[in-house]
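Below, chains carry the letters A, B, ... as their sequence lines are ordered, and counting in each starts from 1.
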Amino acid sequence: MDQPLRQTPKGERCSPAAALLAWYDRQRRDLPWRAKPGETADPYLVWLSEIMLQQTTVTAVKPYFDAFRRRWPDVAALAAAPVEAVMQQWAGLGYYARARNLHACAKAVVVWYGGQFPATEAELRQLPGIGPYTAGAVAAIAFGRQAVAVDGNVERVIARLYAIDTPLPAAKPLIAAHARSLLDPERPGDFAQAMMDLGATICTPRRPLCGLCPLNTFCLAAARLSPEDWPRKAAKAARPARRGAAFFLRRGAELLLRTRPPQGLLGGMSEFPGTEWSADYDPTNALRDAPLIADYHRLDVTVMHQFTHFILTLDIFVADGRRGTKPPQGCRWVSDIEAEALPSVMRKVVAAVRSSGWWERA
DNA sequence: GAGGCGTGGAA
DNA sequence: TTTCCAAGCCT
């Protein structure tokens, strides 16, 4: 693939990678998982951060990264932890298959590689939860390998740089080829992080700051004065609505919870018992699915929550269980809700019950 | 290739 | 309020 070049003020020829790295050396973001200039990156921390950052913002990741690093300082410690503890620590970050795969990957690194992460893309790619992007990122950033890490940022930067009209995801192979052609063989790790910094701070999805961009003079989309027109993407389908009910059962200071199946939506996480979540939910029939017989009261408020592929509206039925009431099959009485792996949608249920005033009434 | 899989913040 | 989306992976 051809390398565009331009003249610098001093007259030497300047590649996009050189311009990018010069910008990165001045403007690099200081992030908790990022080695300082001259320092060696810890593969465990690079890997941990890359898994957390999948489809997740830096702001959301920071507190989770700190907590994980403090609680499990190395891959052996994480591998030795119960998977339930990992799920609980992950609660709120979303995409919970990542947490299960994180733990499985830690165990695999200990068993297969004696607790040392492998350095090649091909080996990393075999580990659970590590796909093409993460394998490239860890190989380049933690081990200095000649690998590119093509994430959403890089796709956007490359698609604009070359004004690629093929829509995503069909354009991915072409974009990856362009990325490899740009790669600086001396600094693959910095190149990967520089591309992501550029996409995150300059070459943003909306209103990119082309005047500050080190690649401005190379960029075909900027030359056409409409960088926001790239990357091309197929239109997404509208998010359908689903409804359901959650049953908030209290027995003294305890609450009735159950654990969702390990696979699928919110896999392995805790929840209040409830109905199916469906488009044709009928609130008048909701109590047929109640986990035990009680004097239920439906709250006036509902809980709304946006999942990736549908929008959920939840009715909430509250009731007190009598002392000595046995938990139904698959459920358990829980006294410490904070120790549970409660996803955000279920925390919203708790908040709704608290704000309703029912909680204080006897 | 397409769809499932969370969440919270920005515009 | 609605829409979009942020360092993807798995099936």
Side-chain angles (χ1 to χ4, degrees), chain A residues 29 31-34 45-65 87 90-102 104-105 124-138 140-142 147-157 167-173 176 179 189 191-201 203-207 228 231 233-242 260-269 271 277 303-312 341-348 351:
Chain A
R29 289 180 293 173
L31 299 171
W33 45 84
R34 190 172 269 183
L45 297 181
V46 172
W47 162 74
L48 177 61
S49 68
E50 291 298 343
I51 300 298
M52 288 183 166
L53 287 161
Q54 290 168 6
Q55 300 287 288
T56 309
T57 59
V58 166
T59 305
V61 164
K62 277 180 177 172
Y64 285 85
F65 178 80
M87 302 302 291
W90 195 277
L93 241 203
Y95 285 136
Y96 298 100
R98 291 186 297 173
R100 191 169 296 277
N101 284 333
L102 186 85
C105 182
L124 288 162
R125 187 68 183 76
Q126 299 305 311
L127 293 165
I130 298 187
Y133 162 75
T134 305
V138 174
I141 297 170
V148 293
V150 183
D151 69 340
N153 285 312
V154 177
E155 287 174 355
R156 186 169 59 253
V157 171
L168 287 170
K172 284 190 175 198
F191 178 80
Q193 295 177 93
M195 288 289 279
M196 290 188 276
D197 273 16
L198 188 71
T201 64
C203 194
T204 49
R206 284 169 292 204
R207 300 176 62 88
E228 288 179 81
K233 289 186 181 181
K236 291 177 186 171
R239 236 181 278 199
R242 294 188 197 173
R260 294 176 64 89
Q263 310 292 330
L265 184 69
L266 305 175
M269 304 297 285
E271 68 172 359
W277 300 342
V303 162
M304 296 249 310
H305 191 76
Q306 303 217 7
F307 290 94
T308 306
H309 53 294
F310 65 93
I311 298 174
L312 178 66
L342 267 198
S344 290
V345 60
M346 292 298 147
R347 293 181 186 275
K348 287 185 184 177

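- The separation between A:Arg100 atom CZ and C:dT11 atom P is 13 Å, rounded to whole Å.
- Regarding A:Lys172, its NZ atom lies at a distance of 8 Å from the P atom of C:dC9, rounded to whole Å.
- Between A:His309 and A:Phe307, the ring center distance fails the sub-6.0 Å criterion.
- The interatomic distance linking A:Leu127 (CG) with C:dC9 (P) rounds to 12 Å, in whole Å.
- Distance, A:Phe65 CZ to C:dA6 P: 22 Å, rounded to whole Å.
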Q: Between protein and nucleotides 6-11 of chain B, map the contacts as a letter string: B base, S sugar-phosphate only, - none, heavy atoms under 4.0 Å, written 5' to 3'.
A: BBS---
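- Between the CG atom of A:Leu124 and the P atom of C:dG8 there is a distance of 17 Å, given to the nearest Å.
- Under the side chain to side chain donor-acceptor pair (under 3.5 Å) criterion, A:Arg125 pairs with no residue at all, not counting sequence neighbours.
- Across every non-hydrogen atom of A:Val345 and A:Val303, the tightest pair is O-CG1, 4.3 Å.
- Not one side-chain nitrogen or oxygen of A:His309 sits closer than 4.0 Å to the OP1 or OP2 atom of B:dG3.
- Atoms CZ (A:Phe310) and P (B:dG3) sit 16 Å apart, rounded to a whole Å.
- Put simply, CG on A:Leu102 is 16 Å from C1' on C:dC10, counting in whole angstrom units.
- Whole-Å rounding puts the A:Leu168 CG to C:dG8 P distance at 12 Å.
- Considering only residues two or more places apart in sequence or on other chains, A:Phe65 meets the ring-ring contact (aromatic ring centres under 6.0 Å, His included) condition with A:Trp33.
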